[in-house]
Amino acid sequence: GAGVSQSPSNKVTEKGKDVELRCDPISGHTALYWYRQSLGQGLEFLIYFQGNSAPDKSGLPSDRFSAERTGGSVSTLTIQRTQQEDSAVYLCASSFLSLAVQETQYFGPGTRLLVL
Amino acid sequence: LAKTTQPISMDSYEGQEVNITCSHNNIATNDYITWYQQFPSQGPRFIIQGYKTKVTNEVASLFIPADRKSSTLSLPRVSLSDTAVYYCLVTSGGQNFVFGPGTRLSVLP
């Protein structure tokens with residue numbers, strides 16, 4: 001079946017512009033995660049959606065970052081007034097049952113964002 | 001959330017067995033241990049998960065001692081294509097999103 005998809009695969013923008021990154025999770029998955037990965041670094045958690053519950057936004061680095069998940073499926077990560085330090089790969093993952101500790105995450109290919 | 005510690009990098013040669021150990025001293029009773037693999041320009045991919053003792057699948061084995069304060073990922077007879085970053089996670093009540101820096105494994109010919 002189809003895996004997690006993300007779009008665009010690459011995005012180049014100018015400092016100060018807003019960008020929107022999209023994630024299509026695996027159908028039926030109730031949990032959705034956004035991460036950021038800078039070059040050569042590990043994954044930095046950003047935000048987590050579980051079903052219809054309020055999202056866990058504890059990882060968002062600033063108020064320029066926001067995300068929504070419409071209808072429990074597609075999610076959009078928005079970065080306002082982008083800065084050069086926002087340049088990174090933004091990864092989305094989904095999982096089936098978020099309340100079970102043994103559930104695993106399925107990752108998309110990521111969106112590579114470059115802020116000039 | 002339990003913090004994990006693993007070596008930053010490891011080198012190996014083709015055909016050798018590779019063991020990557022992860023420390024998680026404050027692991028909780030309900031926590032599981034999960035390992036992911038990440039190739040360049042790709043998202044991480046699930047490898048194996050366990051709670052205690054030993055788990056084996058077609059890719060790897062996971063050894064967890066009785067105190068569960070560490071775990072060892074074992075990759076049998078590695079090949080060049082196993083060159084990747086390997087992440088150890090402790091999953092806590094659904095909050096399984098704390099990825100450390102991982103271990104960068106380089107397999108040499």
Please determine whether the number of non-hydrogen atoms from other residues, nucleotides or ligands lying under 6.0 Å from atom [atom1] of [X] exceeds 12.
| X | atom1 | answer |
| --- | --- | --- |
| A:E14 | CD | no |
| A:L116 | CG | yes |
| B:R104 | CZ | no |
| B:F39 | CZ | yes |
| A:N52 | CG | no |

Inter-residue atom distance A:L91.CG - B:Q42.CD, 0.5 Å rounding: 11.0 Å
B:Y87 portion near chain A, given a 4.5 angstrom heavy-atom threshold: side chain
Contact leader toward chain A among B:P101, B:P44, B:S41, B:G102, where contacts are heavy-atom pairs under 4.5 Å: B:P44
Interface moiety of A:Q6 toward chain B, non-hydrogen atoms closer than 4.5 Å: neither
Check: B:Q38 and A:F107 side chains under 4.5 Å, non-hydrogen atoms: no
